[in-house]
Amino acid sequence: MTTLIVKVDDERTESLKKILSEIPYVHEVEEERSQDQFQEPSEQYQRVKAILDKAKGKNLFNDIKDPSEWQREIRKEWDRDF
């Protein structure tokens, strides 16, 4: 048996793993990331939590004086006919 090492851009990893797993003579597909790469959480909850953690302390909504009025304006955009 032979082991091949292939380096792939991060955004292409999943598609290549899928292609390789469908080939009958490929016995195993392993993924190894280098230490400096960020590994994206696989579950949706973990991804949302990671985004919220990154947003902490950035005061994203400081410019909103009246939250109720801000929501009304957002909803007006939904009611538009295009």
Side-chain angles (χ1 to χ4, degrees):
M1 187 170 300
T2 303
T3 300
L4 299 175
I5 298 174
V6 180
K7 293 186 179 187
V8 182
D9 292 333
D10 290 339
E11 60 274 1
R12 306 281 188 216
T13 303
E14 291 304 316
S15 59
L16 181 60
K17 283 171 46 179
K18 183 176 179 179
I19 291 167
L20 290 172
S21 67
E22 292 176 2
I23 299 173
Y25 53 84
V26 172
H27 297 285
E28 184 179 0
V29 178
E30 290 184 22
E31 182 177 348
E32 180 181 304
R33 294 180 178 261
S34 62
Q35 296 296 333
D36 60 336
Q37 288 180 338
F38 172 74
Q39 185 171 358
E40 187 174 323
S42 58
E43 295 182 25
Q44 185 176 10
Y45 171 79
Q46 291 174 331
R47 282 187 257 153
V48 170
K49 186 172 181 337
I51 291 169
L52 291 174
D53 288 344
K54 285 181 186 178
K56 281 184 183 174
K58 292 190 178 181
N59 300 322
L60 299 175
F61 300 104
N62 273 355
D63 58 335
I64 298 174
K65 305 296 183 222
D66 182 5
S68 297
E69 180 60 31
W70 179 77
Q71 287 180 346
R72 272 192 226 82
E73 289 300 316
I74 296 293
R75 289 186 187 117
K76 283 181 188 176
E77 291 179 10
W78 295 344
D79 293 335
R80 293 182 187 166
D81 291 330
F82 290 102

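Because the structure is predicted, anything quoted here is derived from the model rather than measured.
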| request: Measure across V6 and L16 and return the closest heavy-atom pair with its distance rounded to 0.1 Å. | output: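 Shortest heavy-atom contact: CG1-CD2, 4.3 Å.
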| said: Are K49 and K54 packed together at the side-chain level, in the sense that at least one heavy-atom pair is separated by less than 4.5 angstrom? | reply: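 SC-SC contact between K49 and K54 ruled out.
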Joint hydrophobic cluster, [X] plus [Y], side-chain heavy atoms closer than 4.5 Å:
X   : Y   : value
L60 : L52 : no
V8  : V29 : yes
V48 : F61 : no

| request: Only pairs at least two apart or in different chains count here, so list each side-chain hydrogen bond (donor to acceptor under 3.5 Å, both in side chains) that has a residue in residues 19-30. | output: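 Passing the test, one end in residues 19-30: no pairs.
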| message | According to side-chain hydrogen bond (donor to acceptor under 3.5 Å, both in side chains), does anything in residues 59-71 pair up with another residue at least two apart or in another chain? List the pairs. | response |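 Of all non-adjacent pairs touching residues 59-71, those that pass side-chain hydrogen bond (donor to acceptor under 3.5 Å, both in side chains) are E69-R72.
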| message | Whether D9 and R12 form a salt bridge (side-chain N of Lys/Arg under 4.0 Å from carboxylate O of Asp/Glu) is what I want to check. | response |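 No.
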